[in-house]
Amino acid sequence: MNSKYVNWYGQNIKLTWMKNYEPPINLVTSVHRWCFLEGKVLLVLIKNRGFNMPGGHVEHGETPKQTFCREAFEEGYVKGTIHYLGALEVNHHDNPLFDPNGKYPSVGYQLFYRMDITECLPFLRQHE
């Protein structure tokens, strides 16, 4: 495992890449993906954030794979075959500014996938 401390808006957070690790669903905070088509990568323009890879939060009753497919469609209007890559552990144990009553757990996970795009749908700009 490869860990690194980062300063995220003044907070000290430990990030650890965990290849192929699948954490408990209740600790998954978001799902992200790299989407490829003909040697190009898909980036989406997110209001107030700029260009990003597609991604988002797991909604109640959704699996991470369902989140992955929903977000790829909502943000990029694409579908394809997906492969799980691994999880980024986001650890706040050394973060004195962490709010234990906040939105996120003290240790949470962001899941990462790869999508090979097989279908590009008309971009209707209805979702994000």
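Sequential numbering from 1 along the given sequence is applied to the chain's residues.
Classification of the Tyr21-Tyr109 ring pair by plane angle, with boundaries at 30° and 60°, yields tilted. Aromatic ring pairs are classed by plane angle as parallel below 30°, tilted from 30° to 60° and perpendicular above 60°; the pair Trp17 and Phe112 is perpendicular.
When side chains are defined from C-beta on, Leu42 does not count as touching Arg33, because their heavy atoms never get closer than 4.5 Å. Side-chain contact between His32 and Gln110 is present, with at least one heavy-atom pair separated by less than 4.5 Å. Proximity of His92 to Leu97: side-chain heavy atoms (C-beta onward) are nowhere separated by under 4.5 Å. At least one side-chain heavy atom of Leu111 sits less than 4.5 Å from a side-chain heavy atom of Pro23. Under the 4.5 Å side-chain criterion, counting only non-hydrogen atoms from C-beta, Tyr104 is not in contact with Val90.
Phe98 and Trp8 are assigned to two separate hydrophobic clusters, defined by single-linkage of ILVMFWY side chains at heavy-atom distances under 4.5 Å. The cluster map of Ile, Leu, Val, Met, Phe, Trp and Tyr, joined by side-chain heavy atoms under 4.5 Å apart, puts Met18 and Val107 in the same cluster. With hydrophobic clusters built from ILVMFWY side chains whose heavy atoms lie under 4.5 angstrom apart, Tyr113 shares a cluster with Ile117.
Atom CG of Leu43 and atom CH2 of Trp34 lie 11.5 Å apart (nearest 0.5 Å). Taking OG1 of Thr67 as the start and CD of Glu74 as the end, the distance is 9.5 Å to the nearest 0.5 Å. Rounding to the nearest 0.5 angstrom, the gap separating the CD atom in Glu119 from the OH atom in Tyr77 is 13.5 Å. Between the CG atom of Asn91 and the CD1 atom of Ile13 there is a distance of 9.5 Å, given to the nearest 0.5 Å. In this structure, CD in Glu75 is found 9.0 Å from CZ in Phe123, a value given to the nearest 0.5 Å.
Test Asn95, Asp99, Asp94 against Gln11 for side chain to side chain donor-acceptor pair (under 3.5 Å) and you get one pass: Asn95.
Taking both residues in full, the closest heavy atoms of Glu62 and Ile25 are given as O-CD1, 4.4 Å, listed atom of the first, atom of the second, then distance. Nearest approach of Thr29 to Gly108, heavy atoms of both residues: CG2-CA, 4.4 Å. The minimum heavy-atom distance linking Cys120 with Val78 is given by the pair SG-CG1, 4.2 Å. When all heavy atoms of Ile82 and Lys65 are compared, the pair lying nearest together is CD1-CG, 4.1 Å. Contact detail for Gly61 and Gln66: the closest heavy-atom pair is O-OE1, 3.9 Å. Nearest heavy-atom pair, Gly80 versus Thr118, reported as atom, atom and distance to 0.1 Å: CA-OG1, 3.3 Å.
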Verdict with supporting geometry, Val58 and Val31, side-chain contact (heavy atoms from CB on, under 4.5 Å): CA-CA 7 Å; Val58 178; Val31 175; 3.7 Å; yes
Quick one: do Cys35 and Met53 satisfy side-chain contact (heavy atoms from CB on, under 4.5 Å)? Show the steps, please. CA-CA 8 Å; Cys35 300; Met53 62 181 156; over 6 Å; no
